[in-house]
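Treat the numbers as computed from the prediction; the structure is a model and nothing was measured. Protein chains get the first letters and strands the later ones, always in sequence-line order, with residue 1 at the start of each.
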2 protein chains.
Amino acid sequence: MLSKKAKYGLKALEYIAKQDPKTPVHTSAISLAESIPRKFLETILLDLKHDGILKSKQGKNGGYNLLIPPSEVTIGRVVRLFDGPIALLPCVSSNYYEPCEDCENEAFCGLKNIFSEVREATGSILDKLSLNDILIRERALKKKTSNSTKAKPRSPKK
Amino acid sequence: MLSKKAKYGLKALEYIAKQDPKTPVHTSAISLAESIPRKFLETILLDLKHDGILKSKQGKNGGYNLLIPPSEVTIGRVVRLFDGPIALLPCVSSNYYEPCEDCENEAFCGLKNIFSEVREATGSILDKLSLNDILIRERALKKKTSNSTKAKPRSPKK
DNA sequence: TGTTTCTCCTACTAATCTTATAGGATTTAT
DNA sequence: ATAAATCCTATAAGATTAGTAGGAGAAACA
């Protein structure tokens with residue numbers, strides 16, 4: 001399971017990505033909108049800033065904005081920042097590789113073989129999809145519903 | 001990351017699966033072979049027994065054996081037993097589903113959409129592969145190496 | 001210049017989870 | 001009987017999680 005930090009972090013980023021990129025977004029606004037404890041959120045946004053995903057403006061009317069475009073903020077990066085490795089075993093992690101203490105023959109380990117497949121499957125999703133994809137999918141989901149609610153809006157009038 | 005329990009559990013099961021299914025396997029033998037603390041292993045094997053994966057024989061010359069064939073012990077089942085849900089968000093878990101506390105519109109959640117894809121990818125591997133597949137892959141890996149070590153053993157003599 | 005409103009930073013804490021260990025009760029073979 | 005094994009519960013140290021507390025520092029603005 002994701003930690004609250006990772007989940008809150010993703011939701012906060014999503015919220016920021018939806019706002020005007022020129023206007024600083026207040027912690028308290030995010031806190032309110034996404035039901036994230038304000039003080040907790042502060043530390044999370046700070047982490048995101050230190051990682052180079054967000055930039056901040058201090059003082060009155062300050063707040064946060066994305067430092068890099070939403071399409072370049074991968075989900076994997078955010079998950080790793082807060083929760084560490086995506087892999088389920090250290091020996092199959094790309095970014096945090098460590099051999100298992102007592103593994104005699106890593107090359108022959110059936111477990112490694114299987115969990116490497118799992119890591120590949122999840123990594124290929126999380127490192128490919130970005131903040132932007134969250135937004136795109138959300139729009140797609142909403143559109144889909146509004147379409148199926150309306151009566152046959154298939155072809156727009158000329 | 002997997003917990004030690006899950007990892008130890010899988011390794012223990014693998015060890016047991018490799019032994020004669022008629023002869024009870026001692027905790028101490030597994031502990032020694034796989035470098036798992038004996039007392040810790042005891043509780044793990046007990047869990048596996050209570051879950052119906054292992055059966056035990058008490059008393060002298062007692063020990064553990066598989067209750068069901070290796071091909072029916074999925075990795076997913078063992079992981080879930082020790083570590084809970086495979087999903088990264090409660091709202092995308094098949095076996096432990098829970099709505100997110102403050103999620104207003106689960107149907108429109110971009111995060112859910114993406115992590116449901118992740119859950120599907122990992123679940124489809126972990127619930128399809130079994131203890132038997134670990135053994136099969138291990139054998140395949142060893143064979144591959146021994147082949148490439150030998151000089152062209154491609155076609156056996158008639 | 002002083003006040004307000006933000007971020008920034010560190011330290012702390014309560015609760016839970018992890019990774020075991022301890023000590024014996026129970027069961028069975030010999 | 002005794003030895004050797006599982007069974008069961010309790011305990012405990014350490015790490016992690018999910019926050020909270022309290023202010024320092026920066027900028028806008030009156």
Side-chain angles (χ1 to χ4, degrees), chain A residues 1-12 16 19 23-32 34-67 79 81-85 88 90 100-102, chain B residues 1-12 16 19 22-32 34-67 79 81-85 88 90 96 100-102:
Chain A
M1 287 276 188
L2 286 190
S3 69
K4 294 273 186 185
K5 276 200 170 183
K7 193 175 151 193
Y8 290 163
L10 285 167
K11 294 189 82 177
I16 293 171
Q19 314 303 315
T23 314
V25 181
H26 302 166
T27 303
S28 57
I30 306 170
S31 165
L32 195 65
E34 304 291 342
S35 312
I36 305 171
R38 205 192 103 254
K39 277 302 216 174
F40 195 30
L41 180 58
E42 271 188 22
T43 68
I44 292 168
L45 295 175
L46 223 39
D47 286 342
L48 287 167
K49 183 199 167 176
H50 291 149
D51 197 61
I53 295 174
L54 292 177
K55 65 183 170 192
S56 69
K57 184 168 177 290
Q58 284 199 65
K60 198 170 178 180
N61 302 329
Y64 291 92
N65 292 104
L66 288 174
L67 181 60
V79 170
L81 173 61
F82 293 112
D83 291 357
L88 292 177
C100 294
E101 321 82 43
D102 334 293
Chain B
M1 287 278 187
L2 286 190
S3 69
K4 295 270 187 187
K5 273 199 171 184
K7 193 175 150 194
Y8 289 164
L10 285 167
K11 293 189 81 175
I16 293 171
Q19 313 304 313
K22 303 292 179 187
T23 314
V25 181
H26 301 164
T27 303
S28 56
I30 306 171
S31 164
L32 194 65
E34 305 291 341
S35 312
I36 304 169
R38 205 191 103 254
K39 278 302 217 174
F40 195 30
L41 181 57
E42 270 187 25
T43 69
I44 291 168
L45 295 176
L46 222 40
D47 287 342
L48 287 166
K49 184 199 167 176
H50 291 149
D51 197 63
I53 295 173
L54 291 178
K55 64 184 170 189
S56 69
K57 184 166 178 292
Q58 285 200 66
K60 197 169 181 181
N61 303 330
Y64 292 92
N65 294 102
L66 288 174
L67 183 60
V79 169
L81 173 62
F82 293 112
D83 290 357
L88 292 178
Y96 301 82
C100 294
E101 319 83 42
D102 335 293

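- Taking 4.5 Å as the limit, some side-chain heavy atom of B:Leu45 sits within range of a side-chain heavy atom of B:Ile16.
- Atom CG in B:Asn65 sits about 13 Å away from atom C1' in D:dA5, given to the nearest Å.
- B:Gln19 CD to B:Ile30 CD1: the interatomic distance, rounded to the nearest 0.5 Å, is 8.0 Å.
- The shortest distance between side-chain heavy atoms of A:Phe82 and A:Leu2 does not fall below 4.5 Å.
- When each of A:Lys5, A:Lys11, A:Lys7 is tested with A:Ile44 by the rule side-chain contact (heavy atoms from CB on, under 4.5 Å), just one qualifies, namely A:Lys5.
- Note: CG (B:Leu46) to P (C:dT26) measures 15 Å, nearest angstrom.
- Rounding to the nearest 0.5 angstrom, the gap separating the CG atom in A:Leu41 from the CG atom in A:Leu32 is 11.5 Å.
- For DNA chain D, none of the residues of residues 47-56 of chain A falls under the heavy-atom distance limit of 4.0 Å.
- Atom-to-atom, CD1 of A:Ile44 to P of C:dC8 comes out at 14 Å; the value is rounded to the nearest Å.
- Taking every heavy atom of both residues into account, A:Asp83 and A:Met1 meet most closely at OD2-O, 4.4 Å.
- Between the C1' atom of D:dA18 and the CD atom of B:Glu101 lies a distance of 12 Å, rounded to the nearest Å.
- Once rounded to the nearest 0.5 Å, the distance linking OH of A:Tyr64 with OG1 of A:Thr27 reads 5.0 Å.
- In this view, A:Lys4 and B:Glu101 satisfy the salt bridge (Lys or Arg N to Asp or Glu O under 4.0 Å) rule, not counting sequence neighbours.
- The distance from the CZ atom of A:Arg38 to the NE2 atom of A:His26 is 12.0 Å, given to the nearest 0.5 Å.
- Distance alone, capped at 3.5 Å, is enough to place a donor-acceptor pair between the B:Ser31 side chain and the B:Ile36 backbone.
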Summarise how protein sits on nucleotides 18-24 of chain C as a single string, 5' to 3': B when a protein heavy atom is under 4.0 Å from the base, S for sugar-phosphate-only contact, - for no contact.
-SBBBBB
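- For the helix from C:dT1-D:dA30 to C:dT30-D:dA1, the rotation axes defined at the first and last 5 base pairs enclose an angle of 0°, given to the nearest 10°.
- The OG1 atom of A:Thr23 lies 10.5 Å from the NZ atom of A:Lys57; values are rounded to the nearest 0.5 Å.
- Going from atom CD1 of A:Ile36 over to atom C1' of D:dG19 covers 13 Å, rounded to whole Å.
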Run the side-chain donor-acceptor check on residues 47-54 of chain A: report pairs under 3.5 Å with partners two or more places apart or on a different chain.
residue: A:Lys49; atom: NZ; partner: A:Ser56; partner atom: OG; Å: 3.1
residue: A:His50; atom: ND1; partner: A:Leu46; partner atom: O; Å: 3.3
residue: A:Asp51; atom: OD2; partner: A:Arg77; partner atom: NE; Å: 2.9
residue: A:Asp51; atom: OD2; partner: A:Arg77; partner atom: NH2; Å: 3.4

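- Using a 4.0 Å heavy-atom cutoff across all strands shown, A:Thr27 reaches sugar-phosphate atoms only and no base atom.
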The contact string for nucleotides 24-30 of chain D, one letter per nucleotide 5' to 3', using protein heavy atoms under 4.0 Å with B, S and - for base, sugar-phosphate only and none, comes out as -BBBSS-
